[in-house]
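From a predicted model like this one, the values you see are computed outputs, not experimental measurements. By convention in this document, chain letters (A, B, ...) are assigned in the order of the sequence lines, proteins followed by strands, and residues within each chain are numbered from 1.
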Amino acid sequence: MLEAVLSRLGLPGYEPEAARQKVFGVIGDFDTPEDLLRAVRTARAAGFTKMEAFSPFPIHGVDEALGAPRSPLGRIVIVFALLGLAGAVLLQWWTGAVDYKLIIAGKPLFAVEPSVPIMFELAVLLSAFATVLGMFHLNRIPTYYHPFFNYSRHAGASNDRFLLAIEAQDPKFQAEEVVRFLDSCGSRHTEVVEA
Amino acid sequence: MNELIQLNLSSQTGRKYWRSLNQLADTPEFRQWVEREFPEGASELLDSGSRRTLLKLMAAGFGLAGLTACRRPVEKILPLSKGVEGYVHGRPLHYATAMETCGIASGLIVECNDGRPTKVEGNPRHPFSLGATNAFQQAAILDLYDPDRARQVQKQGVKSSWAEFESWWLEQSAKLGDGSGLRILSARSTSPSLEALKAEIAKKYPQSAWVEYEPVSFDRVTEGARMAFGQALVPHYRFEQADVIVSLDCDFLGLDTLSAQPVKQFAARRKPEDGRELNRLYSIESNFTITGAMADHRMRARASDVASVALALARELNVSGAELNVLGQNSGRQQKFLAAAAKDLMAHRGRSLVVAGPRQPAEVHALAALMNQALGNTGQTVVYTRPPFAAGDTLGAVKKLAEDLGAGRVSTLVVLGGNPVFALPADADWNALFRKAAVAALTFDENETWKAALWQLPEAHPFETWGDVRALDGTASIQQPQIQPLYGGRSALEIAALIAGREQRRGYDIVRSYWAAQWGAQAEQKWKKALFEGVIDGTQFPAVEAKADAPRVLAAVQGALKPAPAGIETVFYPSWHTLDGRFANNAWMHETPDPMTKLVWDNAALLSPATAKKLGVKDGDMLELSAGGRQVRCPALVLPGHADDSISLQLGFGRSACGRVGRGVGHRVEGLRAAANFWFGPAEARKTGATYKLVTTQEHHTLIEPITGLKRHNIVEEFSLEEYRHRAEHGKHEEHPATDLFGGFDYSKGYQWGMAIDLSACIGCNACMVACAAENNIPVVGKEQVAKGREMHWIRLDRYFSGDEEDPQAVMQPMACVQCEKAPCESVCPVAATVHSPEGINEMAYNRCVGTRYCLNNCPYKVRRFNFLNWNKDIPEIRKMVFNPDVTVRMRGVMEKCNYCVQRIEEKRSQAKAEGRRPIRDGEIVTACQQACPADAIVFGNINDPESRVAKLKQQARDYSALEELNTKPRTTYLARVRNPNPELV
Amino acid sequence: MTVFSKQFDTKLRLAAGAVVVLLGAGGAIAAYLFHPRQIDTGYTPVQPVPYSHKLHAGNLGMDCLYCHTTVAQSNYAAVPMTEVCMNCHVRVKEKSPKLQPVRDSYASGKPIPWVKVHRLPDYVYFNHRAHVTAGVSCVSCHGRVDQMVEVRQVQPLSMAWCLECHRNPAPHVRPPELVTKLDWQPEGDPAVLGAKLIREKGIHPPDNCSACHR
Amino acid sequence: MADLAIDPRLELNPPLVQGGMTYSDVTGKISSIVEGKAPKQWWIAMAVAVPLAGLLFLCLGYLVATGIGVWGNNSPVGWGWDITNFVWWIGIGHAGTLISAILFLFRQKWRTSINRAAEAMTLFAVACAAIYPLFHTGRPWRAAYWLFPLPNEFLHMWQNFRSPLMWDVFAVSTYGTVSALFWFVGLVPDLATLRDRSTTPLRKTIYGLLSLGWRGSATQWRHYELAYLLLAGLSTPLVLSVHSIVSFDFATSLLPGWHTTIFPPYFVAGAVFSGFAMVVTLMTLARWIYGLENLITMKHLENMCKVMLATGMIVGFAYGTEFFIAWYSNNQYERFIFLNRAFGPYWWAYWSMITCNVIAPQFFWFRKFRTSIPAMFVLSIFINIGMWFERFVIIATSLHRDFLPSSWGYFTPTWVDIGTYLGTFGLFLTLFLLFLRFLPSIAISEVKGVLHQQVSAGHAAHGGSH
């Protein structure tokens with residue numbers, strides 16, 4: 001019953017048989033960052049567009065090579081920082097100078113000076129959350145099931161191997177073509193990974 | 001009851017107690033409880049509905065205060081069944097009454113809330129109170145609820161009853177015959193009714209003897225008068241008339257008068273603004289008393305040397321014309337002092353005064369009388385009347401009693417009040433002597449005397465019983481009960497009536513009938529008037545024309561006075577804590593520090609730094625003192641300004657038989673006190689090597705910093721009269737005018753409360769401290785916690801010594817929250833638990849406080865008090881009846897402090913509004929400290945009203961704020977201490 | 001191979017969503033239930049004597065002050081003494097069994113254990129005199145007692161509630177002589193009259209701590 | 001391959017990863033700590049830590065049940081060991097974020113092998129610190145919620161945001177939260193590593209859930225690196241603000257000895273000082289227990305010694321300045337309070353502080369001490385003690401003799417004070433040991449990053465082969 005609803009909605013893992021994708025793509029396995037980078041470049045030259053590289057640590061240049069756009073994270077964070085700042089001002093002004101006017105040490109009901117610390121702290125707090133959650137969102141994590149994990153040697157990507165995947169959505173995707181292509185780039189172990 | 005008491009821990013206010021009279025009525029717990037708390041006649045208490053009983057019932061209700069368990073505790077309201085005239089639930093009732101200590105009576109007004117006496121104030125109509133009180137009178141209310149009082153008639157410790165005692169007495173009296181075997185030993189009493197009963201008893205038992213004994217007595221005063229004038233008289237000093245006063249070892253501002261009158265009169269002449277010339281006080285004393293602290297010139301002399309000093313002064317004054325040969329040798333310094341004093345005295349003939357202390361022998365009093373006569377002061381600044389009590393040679397009578405007891409000539413001894421076994425001279429072993437007769441002892445608590453008696457009878461508290469007293473000048477007052485005897489105690493009057501064989505033995509009947517006899521016709525309304533006013537007019541004694549034959553008296557004096565032997569001597573003083581031991585179970589008094597030593601919960605052997613060096617002792621070293629083959633031990637405490645070779649001891653400590661509070665507190669020095677050295681006498685002092693922990697509330701005693709040796713200004717300001725006059729002409733000169741960094745709240749509108757404290761008038765007598773504790777439900781923390789620095793007094797008396805260590809000056813500074821307009825404590829409280837009222841009070845919302853103690857740290861005056869533990873946890877239920885229902889009882893973990901008795905302010909405000917929204921009049925609101933203050937040193941009011949007393953005082957040239965440079969803008973400011981030194985001596 | 005199935009993420013997200021919704025709802029409900037309006041109002045204890053304010057104050061039109069005599073003199077609006085009941089009930093309904101406790105109390109002198117309805121914390125010092133003399137009617141805090149057979153608490157009596165009125169007293173102020181007329185309504189807006197009275201009499205309700213906490 | 005982005009400044013000499021380790025060596029070495037059996041030393045340490053932690057809860061229970069009176073606090077010394085320990089722990093909590101964030105921004109690669117543990121230390125230190133502000137209040141059960149601005153229908157009361165204690169509430173809780181986020185974000189890729197290496201389904205599931213399905217794809221790394229950079233950028237001012245705000249507790253008061261404008265920088269320096277000291281103490285131990293000599297190299301330790309020397313000098317300078325200003329201000333109270341610190345009843349505390357904080361670090365001028373494990377271990381302990389005394393001196397000696405000589409007093413701790421303090425050590429150690437045992441105590445992926453640059457730098461040096 002629930003299953004039916006979910007599949008009607010076509011939520012991940014419940015797509016109807018028809019819509020379900022068979023093959024994720026082809027993944028090749030390289031020894032060094034340099035090899036991987038070279039492979040990416042050749043693939044790009046060969047006109048592949050839907051690619052993804054996997055590595056145990058960030059490799060400078062790979063994303064440029066893959067032609068990825070700039071990350072929007074910075075802009076998100078700025079917005080939240082300002083929200084935090086404004087929130088702090090409102091909180092301290094409204095509670096002290098509007099809602100309950102208490103005479104404290106004969107001081108003004110609201111002043112900027114004593115409000116600064118909390119303004120700063122709230123700004124930082126909100127932007128920190130924005131950073132982390134924003135990153136999670138952009139990276140689509142947590143996502144515990146991913147076809148990538150069906151690759152027999154995916155574990156290498158978190159150890160000392162450097163993987164390149166050419167995905168099925170790629171217009172030029174032709175499984176055995178791609179396998180051959182990656183081998184030619186120097187992949188140690190190429191395999192077709194099902195979705 | 002236990003579970004009830006536990007439940008009660010959650011209770012936060014005294015008010016709750018009245019609210020929950022409820023369960024009282026029928027619960028079995030209550031019945032058991034009543035059985036325990038009121039063994040006497042519990043049954044009639046539970047059934048009868050008479051007024052007093054009902055009020056008592058209410059009071060008893062505190063036993064079951066507030067069962068607050070769940071969110072909505074079922075509370076009940078128990079209205080009276082039938083009305084009580086004048087009683088409005090929630091409004092206090094005030095009754096005039098009186099109380100005597102050591103034969104000195106003062107008129108009081110007692111506040112009762114829903115049947116519980118909760119606060120004592122002075123009776124403005126009474127000449128010896130004039131509206132003020134001393135610390136002891138304030139604390140008396142606590143004794144009323146002392147759970148350790150004698151509460152059950154016993155025969156040698158076996159539960160008995162008044163009925164049984166009376167029947168015993170009947171058969172005993174049958175055997176008394178002419179009464180040769182009957183002795184009555186009573187505390188000193190000024191009661192006219194008792195006087196009448198005495199006469200009856202004397203008639204009934206011609207051979208009986210009535211002995212009056214007080215450990216702190218004024219016999220030597222009357223004996224001195226007898227020596228001078230041939231009859232026992234009491235001198236009445238009119239300090240407000242005296243421009244120059246010489247005190248011969250007389251602490252007349254402190255414990256040597258026991259009433260507010262002398263302070264009122266003296267302080268009235270210490271306020272330069274009043275236009276009247278400032279008086280000048282020369283004090284000659286061995287101990288450093290608060291009188292010495294007020295003196296403009298002070299001479300240290302052993303008590304035994306005062307006689308020779310007096311002679312020297314008499315010679316300077318040339319009393320007799322004949323040359324006087326003075327004993328001993330007075331040092332050059334003393335000569336100079338006396339010469340100057342004598343000159344001063346003579347310059348103020350008829351407006352000067354020489355007073356002698358009750359410790360001094362009759363001869364010195366006679367000398368003083370002669371000097372006053374020679375100076376033409378008699379009839380001017382001093383008048384004589386007959387004493388209101390039976391004056392005589394008490395010690396002689398006591399000696400006789402001891403002999404009779406020893407010789408078995410006494411079959412029946414009746415003790416009426418006091419604690420003779422503890423306090424009688426140590427010449428005889430009174431415990432043993434008491435075994436030799438059938439002793440019936442009427443005592444207030446289960447004290448040493450009670451333990452030694454055959455019949456142990458609980459005495460009623462002055463607030464529980466009918467009686468009458470005479471003030472020192474004869475003015476009589478009716479003592480009316482505020483509540484029925486909580487423990488079924490009876491008064492000395494009632495026992496005396498039994499002995500006299502009266503039919504009417506209820507206190508009311510005795511007093512009523514006595515005065516009815518005096519008044520005859522219009523007795524009824526005179527009685528009402530007496531009760532209402534608290535004094536009976538026309539009862540004052542007429543002044544006696546006293547004329548002394550100088551040469552004859554002088555000859556006698558010269559003959560009697562011997563040079564004092566050199567070496568150490570001990571002097572006995574009443575204690576600021578227990579007086580003579582009668583307040584030994586009073587926690588308020590124990591926790592109120594001695595004004596000079598700041599010692600709490602102990603007595604000590606006070607000695608001068610030099611003497612301490614000589615004996616090789618420092619604070620807390622245990623001394624062994626011996627005289628006449630008797631020894632006592634007492635820890636040493638160095639007091640700057642104390643006379644050398646003299647050791648001051650305070651009476652009334654080391655009670656072996658006493659309640660929970662006082663048992664074993666301090667060291668008993670009475671063991672050293674015999675008839676021979678009753679007040680002072682030579683003794684040996686030896687360091688034992690043992691040490692003892694003495695706790696004082698002040699650690700550093702001067703305004704001089706250690707390390708730097710700099711003096712701290714801006715805390716206490718003192719001027720000589722010249723300096724003051726100069727300042728008064730040129731006005732206050734602002735050294736650095738304060739500027740604010742930011743604008744603030746506008747305090748220029750409405751009532752703005754403020755206070756001015758006159759350091760020139762304040763004598764540091766502690767009355768304000770105890771009054772504050774009583775008014776504001778201030779908890780007692782005990783010796784150990786005070787040692788940790790956790791005392792809770794909202795107002796404290798800071799005492800600073802200045803000048804050289806051997807002969808310093810002292811100044812007292814009452815310090816409570818000064819209600820800063822820019823209060824440092826407020827801005828640091830994270831939860832806004834302490835904020836400002838628009839009327840300038842620094843408010844403390846206990847129920848909001850979370851107890852970070854940040855405010856305490858940031859308070860430059862350190863007047864905030866924190867409940868480090870639950871001080872109210874282990875208070876017996878009955879003791880909780882003393883709580884002021886208008887003030888929250890604070891729980892553990894919250895901060896508290898002075899708030900100008902805001903409950904009194906709000907009360908007056910709502911009264912003023914109810915009376916047609918009229919403005920509050922100046923002087924209408926009186927804070928507890930102000931009301932108690934005998935020196936009128938504290939003035940409270942609206943500083944926005946330029947006509948108010950406080951506003952005027954704040955205009956004075958000597959007005960200043962403590963720690964002014966912090967710019968906290970305190971609402972409590974001080975009037976600088978003005979001294980009036982003799983130019984010849986500076 | 002990962003240990004997580006294809007469906008795991010969807011399930012996880014749905015579960016998380018459900019938890020969030022439940023917590024939100026729970027919080028909202030709790031907030032509602034624990035609002036003073038819910039927990040404090042409506043308290044209607046059973047009294048030892050079935051005394052009906054509706055009958056006495058309502059139908060018979062007795063003035064509140066006849067019994068609660070001290071309201072204008074004291075902090076407390078004292079509950080009347082048994083005497084007061086007996087003033088009438090010696091003659092009226094002098095046999096009624098319901099009144100037995102009253103007669104007993106009168107005879108024995110023992111109080112009638114009325115159950116307290118309007119209760120404030122012990123650190124709160126409410127003053128009836130101050131309010132009544134300023135013209136705040138009984139009805140403002142106690143509601144239409146003259147319509148209650150059994151007295152019920154109708155207002156939360158929370159600090160927030162007190163402050164509401166202390167900050168905006170106008171709607172609750174009336175001529176003092178009318179405070180016990182529970183059904184009284186001025187012609188027009190009570191706030192307008194109130195504002196006028198406040199101006200004339202100079203009423204400023206305090207909102208500082210020591211006004212109520214000492 | 002010269003086009004490979006290699007930071008030219010990377011003259012890693014001596015290399016930060018030694019013993020010619022490969023990527024998988026790094027993975028293996030660090031993961032083995034988590035996967036293998038716990039060494040004996042770990043169990044011994046636990047046996048000490050856990051009972052101490054128990055003592056903490058015992059003391060706190062007694063405190064809450066009885067009242068602050070069980071501590072030595074009194075009037076005038078309203079704050080004693082409670083706030084002393086609070087400030088001390090918070091200070092310790094600074095090195096972690098500082099090492100991670102600031103060194104990261106300054107591209108100090110040597111941070112990689114110590115930042116993870118340092119961050120963990122921060123979290124646990126902050127946890128210990130946070131205990132005090134709550135439990136030192138008279139009524140913690142109220143403080144727990146009255147300190148936060150929650151709308152409240154019963155009271156209708158708000159906080160006083162002028163109070164530095166209120167600022168503390170915000171600063172400390174923000175600091176704790178952000179540090180935790182920073183730490184966790186750093187952990188994610190390494191958790192993925194552990195996930196992929198784990199053999200049992202339980203470990204697979206746990207590490208799998210914790211690693212959020214991390215794949216290490218180029219896209220993820222891209223957002224990840226930016227996020228990490230941003231967090232570092234946020235944490236840096238935050239870490240500075242926190243101790244500045246803690247110092248406001250004192251600086252904004254009017255108490256002589258507290259009322260000082262140099263407190264913020266002085267406190268921050270002190271915090272870094274003590275923080276690094278604690279890192280050294282713990283790292284030398286961890287290094288010894290798990291034989292991490294190749295990852296936590298002498299270079300790391302020496303650098304930290306240099307930082308301690310520097311901050312130690314700053315602190316020492318601040319002590320001097322205080323005295324100078326006190327003299328220069330010509331304010332009697334100010335002068336007295338400082339003389340009283342050095343020569344008053346608490347002279348011993350003051351001189352212990354000077355010895356440990358000013359004299360001890362001077363040894364780090366000498367390479368011999370900077371490179372000797374026992375030496376730096378002992379000295380770091382000295383510094384920890386010294387910094388505790390600094391806080392005690394500031395708090396107790398300023399309070400015990402303030403304006404009115406009549407109200408002067410003295411503070412003596414009770415067994416509960418001591419028990420609570422030792423207890424926090426127990427809690428701290430327990431948490432830290434659990435961290436060592438179950439999480440990668442060194443940032444695997446970052447180390448590999450460094451290693452990669454080392455390797456390629458090596459190639460570059462050889463003129464680049466193939």
### D:L134, part contacting chain B, at a heavy-atom distance under 4.5 Å
neither
### Task
To the nearest 0.5 Å, tell me how far D:M166 CE sits from B:T852 OG1.
11.0 Å
### Query
Is there a donor-acceptor pair under 3.5 Å between the side chain of D:N160 and the backbone N or O of B:C829?
yes
### Query
Is chain D contacted by the side chain of B:C855, its backbone, both, or neither, given a heavy-atom distance below 4.5 Å?
neither
### Task
Hey, could you give me the CG/OG1 distance between B:N870 and D:T66, rounded to the nearest 0.5 Å?
10.5 Å
### Task
Heavy-atom distances under 4.5 Å only: say whether D:F148 touches chain B with side chain, backbone, both or neither.
neither
### Task
Give a yes or no on whether the backbone of B:R848 and the side-chain of D:R142 come within a donor-acceptor separation of less than 3.5 Å.
no
### Query
Taking C-beta and beyond as the side chain, do D:S407 and B:M815 meet within less than 4.5 Å on heavy atoms?
no
### Query
Rounded to the nearest 0.5 Å, how far apart are CH2 of D:W258 and CG of B:N858?
7.5 Å
### Task
Quick one: pull up CD in B:E705 and CZ in D:R401 and give me the separation to the nearest 0.5 Å.
9.5 Å
#### Entry: D:F248 versus chain B, the contacting section by heavy-atom distance below 4.5 Å
backbone
### Query
Roughly how far, to the nearest 0.5 Å, is CD1 of D:I395 from CG of B:N857?
9.0 Å
### Summary
With chain D, the option among B:Q698, B:E699, B:R712, B:H700 that has the most non-hydrogen atom pairs under 4.5 Å is B:R712
### Task
For each of D:G67, D:P140, D:G72, tally heavy-atom pairs with chain B at distances under 4.5 Å, and name the one with the top tally.
D:G67
## Note on the structure
Turns out that what part of D:A65 lies under 4.5 Å from chain B's heavy atoms comes down to backbone
### Task
Look up atom CD1 in B:I707 and atom CZ in D:R335, then write down how far apart they are to the nearest 0.5 Å.
14.0 Å
### Message
Please output the residues of residues 779-791 of chain B in contact with chain D, using a heavy-atom cutoff of under 4.5 Å, in numerical order.
### Response
B:K788, B:G789, B:R790
### Message
Going by ring pair (Phe, Tyr, Trp, His ring centres under 6.0 Å), name the pairs with one or both residues in residues 847-866 of chain B, residues two or more places apart or in two chains.
### Response
B:Y854-D:W79, B:F866-B:F868
